[in-house]
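Scroll down for the structure; my scribbles are underneath it.
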Amino acid sequence: MTGLLHLDSSHSGDSVSKRLSSLFAETWRERNGEAGYRYRDLAADPVPLISPAYCALGRRVERHGYVSPAKVPSLVEGAAEEREWALTLPLIEELLAADTVLVGGPMYNFSASASLKAWIDRVTFPGAYADPDSGESLLRGTRVVVVTARGGAYGPGTPREGFDFQEPYLRTYFTNLGVAEEDLAFVHAEMTLASLVPDLAHLQPVAERSLAAARAAITDLVARS
């Protein structure tokens with residue numbers, strides 16, 4: 001079965017990243033049906049921050065080499081670690097079950113939102129995505145589409161190109177986890193504040209072109225899925 005894990009991480013009530021990720025998800029479901037679709041709003045239903053018990057369990061697992069999630073319970077010590085694992089395992093299973101991971105994310109302070117970072121910190125459990133026999137990543141072949149909204153412009157040649165710590169961070173994170181570079185796509189809608197901030201009003205046409213290009217890119221990505 002084809003599976004889509006859809007994550008949103010915007011706190012805005014009028015979120016551009018949510019609207020764009022919804023476009024991808026709705027088109028995907030028209031093509032593939034509802035059965036393989038899983039949605040999490042990481043802002044509305046936050047993933048709990050990791051705790052000392054999570055770290056203690058993770059370090060114990062690391063000392064045993066590649067340990068599959070099925071064997072982690074045998075290494076759990078105490079109620080706090082048991083609680084941490086109960087919070088973590090469903091997220092790992094969702095990620096492993098997905099053929100495509102769709103991440104909707106605004107740029108907050110030049111990087112990813114705290115709600116998305118909390119999911120990343122918890123789901124990245126030692127050994128969870130490594131084949132116990134070969135050590136190869138179980139996410140090889142998983143497709144990741146990251147859809148972002150930025151209040152300003154951070155593309156090549158813009159004055160703030162070097163301020164973009166969102167795409168480089170997420171690109172490094174997913175490829176380090178084993179996602180192939182060719183299976184990773186980014187779609188950015190920029191200048192989203194042009195319609196709100198008076199000093200940026202003259203850039204509204206730029207924002208509209210960026211949003212239209214983002215919608216076209218999303219439609220194309222779904223068509224090729």
Side-chain angles (χ1 to χ4, degrees), residues 1-9 21-22 24-25 28-29 31-105 112-147 170 172-180 183-185 225:
M1 176 185 295
T2 300
L4 173 64
L5 174 60
H6 177 188
L7 306 172
D8 273 325
S9 58
S21 71
S22 292
F24 185 106
W28 185 94
R29 284 180 288 172
R31 295 167 58 91
N32 298 284
E34 298 284 345
Y37 177 70
R38 182 72 174 92
Y39 178 69
R40 281 188 180 271
D41 186 331
L42 301 174
D45 185 16
V47 171
L49 299 178
I50 61 173
S51 72
Y54 176 101
C55 295
L57 177 59
R59 292 292 175 262
R60 192 175 307 115
V61 166
E62 286 183 313
R63 288 194 290 271
H64 285 77
Y66 293 113
V67 176
S68 70
K71 294 182 179 179
V72 170
S74 66
L75 299 174
V76 169
E77 296 181 1
E81 290 187 7
E82 184 175 356
R83 175 182 179 276
E84 290 299 307
W85 184 239
L87 291 170
T88 303
L89 180 58
L91 303 179
I92 292 172
E93 291 176 334
E94 283 180 351
L95 182 52
L96 287 172
D99 298 295
T100 300
V101 179
L102 170 64
V103 180
S113 67
S115 58
L116 178 56
K117 186 60 164 59
W119 177 85
I120 287 173
D121 286 346
R122 182 165 291 280
V123 80
T124 315
F125 193 82
Y129 310 103
D131 185 292
D133 299 319
S134 67
E136 293 294 319
S137 174
L138 298 174
L139 295 180
R140 183 65 61 175
T142 300
R143 186 181 186 218
V144 176
V145 177
V146 181
V147 179
L170 293 173
T172 299
Y173 170 72
F174 281 112
T175 55
N176 183 67
L177 211 59
V179 176
D183 290 329
L184 181 58
S225 63

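Quick caveat, the model's predicted, so the values are computed rather than measured.
The OG1 atom of T88 sits 11.0 Å away from the CD atom of E93 when rounded to the nearest 0.5 Å. Annotation: the span from L177 atom CG to L139 atom CG amounts to 5.0 Å, rounded to 0.5 Å. One finds the CG atom of L7 at 9.0 Å from the OH atom of Y39 (value rounded to the nearest 0.5 Å). For the atom pair L49 CG and L87 CG, the distance stands at 11.0 Å (nearest 0.5 Å). Of the inter-residue distances, the one linking D8 atom CG with L42 atom CG reads 8.0 Å to the nearest 0.5 angstrom. The CG atom of L102 lies 14.0 Å from the CZ atom of R38; values are rounded to the nearest 0.5 Å.
Nearest approach of L75 to E81, heavy atoms of both residues: O-OE1, 4.1 Å. When all heavy atoms of S21 and G104 are compared, the closest pair comes out as CB-CA, 4.2 Å. Closest approach of T172 to T175, counting heavy atoms only: O-OG1, 3.3 Å. Across all non-hydrogen atoms, the minimal contact from R122 to L91 is CD-CD1, 3.9 Å. In terms of heavy atoms, D121 sits closest to Y54 at O-OH, 3.0 Å. Nearest heavy-atom pair, I92 versus P69, reported as atom, atom and distance to 0.1 Å: CG2-CG, 4.3 Å.
Residue pairs satisfying the side-chain hydrogen bond (donor to acceptor under 3.5 Å, both in side chains) criterion with at least one member in residues 126-143, sequence neighbours excluded, are absent.
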Stepwise side chain to side chain contact (heavy atoms under 4.5 Å, CB included) test for V101 and L4: CA-CA 6 Å; V101 179; L4 173 64; over 6 Å; no
Please test Y173 against N176 for side chain to side chain contact (heavy atoms under 4.5 Å, CB included), starting from the C-alpha separation and ending with a verdict. CA-CA 5 Å; Y173 170 72; N176 183 67; over 6 Å; no
Go through T2 and W28 one step at a time and tell me if the side chain to side chain contact (heavy atoms under 4.5 Å, CB included) criterion holds. CA-CA 10 Å; T2 300; W28 185 94; 3.5 Å; yes
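Residue-environment remark: CZ (R40) exceeds the threshold of 12 foreign heavy atoms within 6.0 Å. Environment of CD in E82: sparse, with no more than 12 heavy atoms of neighbouring residues, nucleotides or ligands closer than 6.0 Å.
In this pair, H6 and Y37 present their aromatic rings tilted. The plane angle is within the 30 to 60° band.
The backbone N or O of S9 lies less than 3.5 Å from a partner atom in the side chain of S113, making a donor-acceptor pair.
Side-chain contact between H64 and V61: absent, with no pair of heavy atoms (C-beta onward) separated by less than 4.5 Å.
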